[in-house]
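Note sheet for the following structure.
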Amino acid sequence: MRAYLVGKLLCFGGMMRLKINGAACEIADDASIAGMLAARNIPGETVIILLNDEVITREKWESLKLRSEDSVEIVRLIGGG
Amino acid sequence: MADKFIIGGKEIDSRLFIGTGKFVCYDLIPQVIVAAKAHVVTVALRRVDFGNPGENMLEYLPKNVIVMPNTSGARDAQEAIRIARIACAAGCGNWVKIEVINDQKYLLPDNFETLKAVEILVKEGFTVLPYMSPDLAAARRMADAGAAAIMPLGAPIGTNRGLKTRELVQILISEINLPVIVDAGLGKPSEAAEAMELGAAAVLVNTAIATADDPILMAQAFGEAVAAGRKAYLAGPGASRQFAEASSPLTGFLRNE
C-alpha cells in the first residue's frame, strides 16, 4: 500500500497503470474520472471523456470504476476550419 | 421561386459557413457569426492540454447554428471515422466535415482516404460533407457514396490565395448534382463572390476572417459578398466579349458628317 496525493488530498491505496491521452500513467486504483479531472484542475464542463473509445457521460464520472490498462481520452471542442 | 439551400434534408439559411479556428479569443466568435449571418459553423476535436485546459467552445456558439465538427488531425479514413463517431456521441449532432490530411506542407486532403470515410459514415447515418481536392472522378464517387455536398478547396488552407482551383471547381459545379461548397484558401470577400458567381452553393471561410484586422467587419463583408455573388449567379451575367460593343446605337450622332 502506498501513500499518495490526489490534488491536496493525502490518500492511501494501491496504484494501477492506465493510459491518459495516450501517455502511460499510474493512478490510485480507486480513482474515478471525476477525481482524475479534479487532480488536474480540469473543469468538467469543458471536456468530453472517452473510456476505451466510448464516450462516458457526466453522470457516470463519479461511479464508474477505472481498471488497469484502461485507455482514457480527455478531449474538448476547439476552434477549427 | 425562393432560392432554397438544402443539405441533407435541412434548409440552410446562409451560404457562408464559418470556421472557428485562429481567432485570438473565443469572445469574437459569436459576434462574427452574427455579423456574417452564418448558420453552419465548424469546430475541431483535440486532446486537452493539461497545462491549459481551455474553455468550452460550445458556450460561444449561438443556439441556432448547426455545429459541424471536422475530422482535422485524421491522417487516414479510420482516424476520421473515429473522430466523427466521438463528436457525434459527445452531442455534436450528425453533421461532419471529413478532413483527411497526411501532407503537412500544403495540407492538401487525401481524396482516396476521404472517399473511404464517406462510404462508412454515410452508412452510419451521418450527414457527410467531404473536404477534397477538386477532382471530378473523386467527387463523383463521393456523391455516389451518399455525400450531402462536396467541398473542394479554393487554395491550400490558411493561404488566403483565392480561387486558384477555379477551372476545376467550375467543372464540379457543372457535373456534380450536389451542393458544391468552396472551402479553404479564399482570402477576400471578392473571392467568395467569385466562387458564388460561378454557381457554388456556398463557401467556407476561416482564416480570412479570423486573421483580419477587424474580424467582425470582415465577416460582415464576406456575408454581403456571398449574398451578392449568389444574386449575380441567379441573375445570369451577360456574356464577355473580345471586342467592344457600344452601349448606345451607332446612329443619330450629333455631329456634322
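Here is the naming used below: chain letters follow the sequence lines, and residue numbers restart at 1 for every chain. These numbers come from a predicted model, not from an experiment.
- At a 4.5 Å heavy-atom cutoff, the contact between A/Val55 and chain B is made by side-chain atoms alone.
- If you check the side chains of B/Tyr26 and B/Glu59, you find no donor sitting under 3.5 Å from an acceptor.
- Of the two parts of A/Ile78, the backbone and the side chain both hold a non-hydrogen atom closer than 4.5 Å to a non-hydrogen atom of chain B.
- Among B/Leu204, B/Ile86, B/Val41, the residue making the largest number of heavy-atom pairs under 4.5 Å with chain A is B/Ile86.
- With a 4.5 Å cut-off on non-hydrogen atoms, A/Leu77 touches chain B through its backbone and its side chain both.
- Classification of B/Glu113 and B/Lys116 as a salt-bridged pair holds, one side-chain N sitting under 4.0 Å from a carboxylate O.
- Using a 4.0 Å cut-off between a side-chain N of Lys or Arg and a carboxylate O of Asp or Glu, B/Asp183 and B/Lys97 qualify as a salt bridge.
- With respect to chain A, the highest number of heavy-atom pairs below 4.5 Å among B/Met57, B/Glu55, B/Met68 belongs to B/Met57.
- Heavy-atom distances place both the backbone and the side chain of B/Leu45 under 4.5 Å from chain A.
- Judged purely by distance below 3.5 Å, without hydrogens or angles, the side chains of B/Ser72 and B/Asn70 pair a donor atom with an acceptor atom.
- A donor-acceptor contact under 3.5 angstrom links the side chains of A/Asp70 and A/Asn52, judged on distance only.
- Both the backbone and the side chain of B/Asn56 come within contact range of chain A, judged by heavy atoms closer than 4.5 Å.
- When A/Val47, A/Asp53, A/Ile49 are compared by the number of non-hydrogen pairs under 4.5 Å with chain B, A/Asp53 comes out ahead.
- A salt bridge links B/Glu124 to B/Arg85: at least one charged side-chain nitrogen sits closer than 4.0 Å to a carboxylate oxygen.
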